[in-house]
Amino acid sequence: MPELPEVETTKRGIAPYIEHQRIECVTIRENRFRTPVPEYLAERLVHQQIGQISRRAKYLLLPVAEGHLIWHLGMSGSLRLETPEAALKKHDHIQLTMSSGWQLRYHDPRRFGFVDFIEDDPMSDSRLASLGPEPLSPILTGSYLYRVSRGKKSSVKTFIMDNAVVVGVGNIYASEALFMAGIDPRRAAGRISMERYQRLSAAIKSVLSSAIEQGGTTLRDFVSGQGEPGYFAQKLNVYGRSGAECVRCGTTLRNIVLGQRASVYCPGCQR
DNA sequence: CCCGATTCCTGTAGGC
DNA sequence: TGCCTACAGGAATCGG
């Protein structure tokens with residue numbers, strides 16, 4: 001499921017093929033997503049040139065002359081490049097045919113994602129304006145997490161998955177970062193020391209950078225722009241390993257529910 | 001304000 | 001083998 005590393009992998013994969021290319025044709029086969037595809041989307045895009053693609057949190061931003069496409073992959077979405085001859089897959093809902101001949105196809109079985117068109121400054125858009133800092137930016141530090149967590153009673157895992165605190169940390173990487181930092185995910189966010197938050201911020205950066213290097217994590221259906229899976233799944237220490245032995249201390253990993261999310265951790269070395 | 005619960009959706013896995 | 005149910009989850013929204 002696309003978290004930040006998967007969205008970054010997608011961005012890097014598709015950018016060389018669609019930046020500075022003109023959109024020749026827009027095909028929308030399905031418009032029911034988290035929000036409906038705007039009816040005017042195709043007419044706003046056709047014959048427009050795409051500028052430099054960027055990413056904010058898990059949103060992809062594709063600039064065109066009169067605004068930005070904003071794309072969110074939800075939890076089962078992927079964007080991949082195909083030649084026009086390549087067979088359509090079930091759930092290939094939207095497709096942009098580029099002047100280069102490549103087709104950008106949006107595949108999203110669960111339809112939790114969406115695409116929208118923003119005319120104004122995208123950073124002023126309500127969906128982007130309230131977001132916290134990027135995890136790989138210098139703004140995310142141990143002292144930042146320590147400061148904004150004071151008084152918070154929710155669990156530290158829920159806290160780092162809150163997009164107002166820091167963006168792009170979903171269930172997989174939150175679980176992995178807490179394991180790496182040796183912190184029990186159930187701990188109240190407001191009662192964790194500065195020292196531990198320094199370890200946690202370093203762990204978040206480490207696990208996300210490493211996952212980006214591996215091309216993301218493929219559990220079921222994530223594929224890069226080139227249609228290839230990511231390889232970080234092989235490096236997961238706790239996510240999806242409930243009942244197995246901890247790679248560090250051998251204790252049996254436990255699964256609990258925090259914030260309605262499965263949370264696997266090691267009772268032996270996460271305290 | 002804060003925090004937890006609910007909601008959207010479909011493919012997959014597990015139980016019987 | 002086939003049917004049924006539970007589960008996966010990002011983020012908006014609601015309610016206490």
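In what follows, chains are A, B, ... by sequence order, proteins preceding strands, each numbered from 1.
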Okay, side chain of [X], backbone of [Y]: is any donor-acceptor separation there less than 3.5 Å?
| X | Y | result |
| --- | --- | --- |
| A:E134 | A:A57 | yes |
| A:E3 | A:I172 | yes |
| A:H93 | A:D108 | yes |
| A:S263 | A:R261 | yes |

Phosphate OP1/OP2 of [N]: any [X] side-chain N/O under 4.0 Å:
| X | N | value |
| --- | --- | --- |
| A:H91 | B:dG11 | yes |
| A:R111 | B:dT10 | yes |
| A:K152 | B:dC1 | no |
| A:K58 | C:dA11 | yes |

Please tell me which of the listed nucleotides, [options], lies nearest to the side chain of [X]?
| X | options | value |
| --- | --- | --- |
| A:Q260 | B:dA5, C:dA8, B:dG11 | B:dA5 |
| A:Y59 | C:dA12, C:dA8, B:dC3 | C:dA12 |
| A:R110 | B:dG4, B:dC9, C:dG10 | B:dC9 |

How close or far is atom [atom2] of [N] from atom [atom1] of [X], stated in whole angstroms?
| X | N | atom1 | atom2 | result |
| --- | --- | --- | --- | --- |
| A:R127 | C:dT13 | CZ | P | 10 Å |
| A:M75 | B:dT12 | CE | P | 12 Å |
| A:K157 | B:dG4 | NZ | P | 13 Å |
| A:I70 | C:dG10 | CD1 | P | 17 Å |
| A:I256 | C:dC7 | CD1 | C1' | 17 Å |
| A:F33 | C:dA12 | CZ | P | 18 Å |
| A:L4 | C:dG9 | CG | C1' | 16 Å |
| A:L258 | C:dA8 | CG | P | 13 Å |

Query - Aro-ring/base stack A:F112-C:dG9, d under 5.5 Å, angle under 30° - result: yes
Query raised in the report: Hey, which of A:L61, A:I53, A:L41 is the one that makes side-chain contact (heavy atoms from CB on, under 4.5 Å) with A:L69?
Result: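 When side-chain contact (heavy atoms from CB on, under 4.5 Å) is applied between A:L69 and each of A:L61, A:I53, A:L41, only A:L41 qualifies.
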Query raised in the report: Other hydrophobic cluster members with A:L88, side-chain heavy atoms of Ile/Leu/Val/Met/Phe/Trp/Tyr under 4.5 Å, chained?
Result: none
Query raised in the report: Under 4.0 angstrom, heavy atoms only, what part of the nucleic acid is A:D108 near: base, sugar-phosphate, or nothing?
Result: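 Nothing, no heavy atom under 4.0 Å.
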Query - Contacting residues from residues 114-124 of chain A, given that a heavy atom lies under 4.0 angstrom of DNA chain C - result: none
Query - Residue list, salt bridge (Lys or Arg N to Asp or Glu O under 4.0 Å) with A:R111, at least two apart or on another chain - result: none
Requested in this report: Quick one: list whatever passes salt bridge (Lys or Arg N to Asp or Glu O under 4.0 Å) with A:E43, sequence neighbours left out.
Outcome: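 Listed in chain order: nothing, the list is empty.
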Report, one line per pair, each donor and acceptor closer than 3.5 Å where one atom sits in a side chain of residues 178-195 of chain A; sequence neighbours left out.
from: A:D184; atom 1: OD1; to: A:R186; atom 2: N; distance (Å): 2.9
from: A:D184; atom 1: OD1; to: A:R186; atom 2: NE; distance (Å): 3.1
from: A:D184; atom 1: OD2; to: A:R186; atom 2: NE; distance (Å): 3.4
from: A:D184; atom 1: OD2; to: A:R186; atom 2: NH2; distance (Å): 2.7
from: A:R186; atom 1: NH1; to: A:Y265; atom 2: OH; distance (Å): 3.4
from: A:R186; atom 1: NH2; to: A:Y265; atom 2: OH; distance (Å): 3.2
from: A:R187; atom 1: NE; to: A:R271; atom 2: O; distance (Å): 3.0
from: A:S193; atom 1: OG; to: A:R196; atom 2: N; distance (Å): 3.2

Query raised in the report: Same cluster for A:M161 and A:L4 if Ile/Leu/Val/Met/Phe/Trp/Tyr side chains link at under 4.5 Å?
Result: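 No; tracing contacts between hydrophobic side chains, which count when under 4.5 Å, never links both residues.
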Query raised in the report: Under 3.5 Å, is there an N or O donor on one side and an acceptor on the other linking the side chain of A:R261 and the base of C:dG10?
Result: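 Between C:dG10 and A:R261, which were checked side chain against base, a qualifying N/O pair under 3.5 Å is present.
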Report task. Measure the angle between the two terminal helix axes of the helix from B:dC2-C:dG16 to B:dC16-C:dG2, five base pairs each, and quote it to 10°. Result -> 60°
Query raised in the report: When you match A:K90 and A:R34 each to their closest nucleotide on DNA chain B, which lands nearer the 5' end?
Result: A:R34
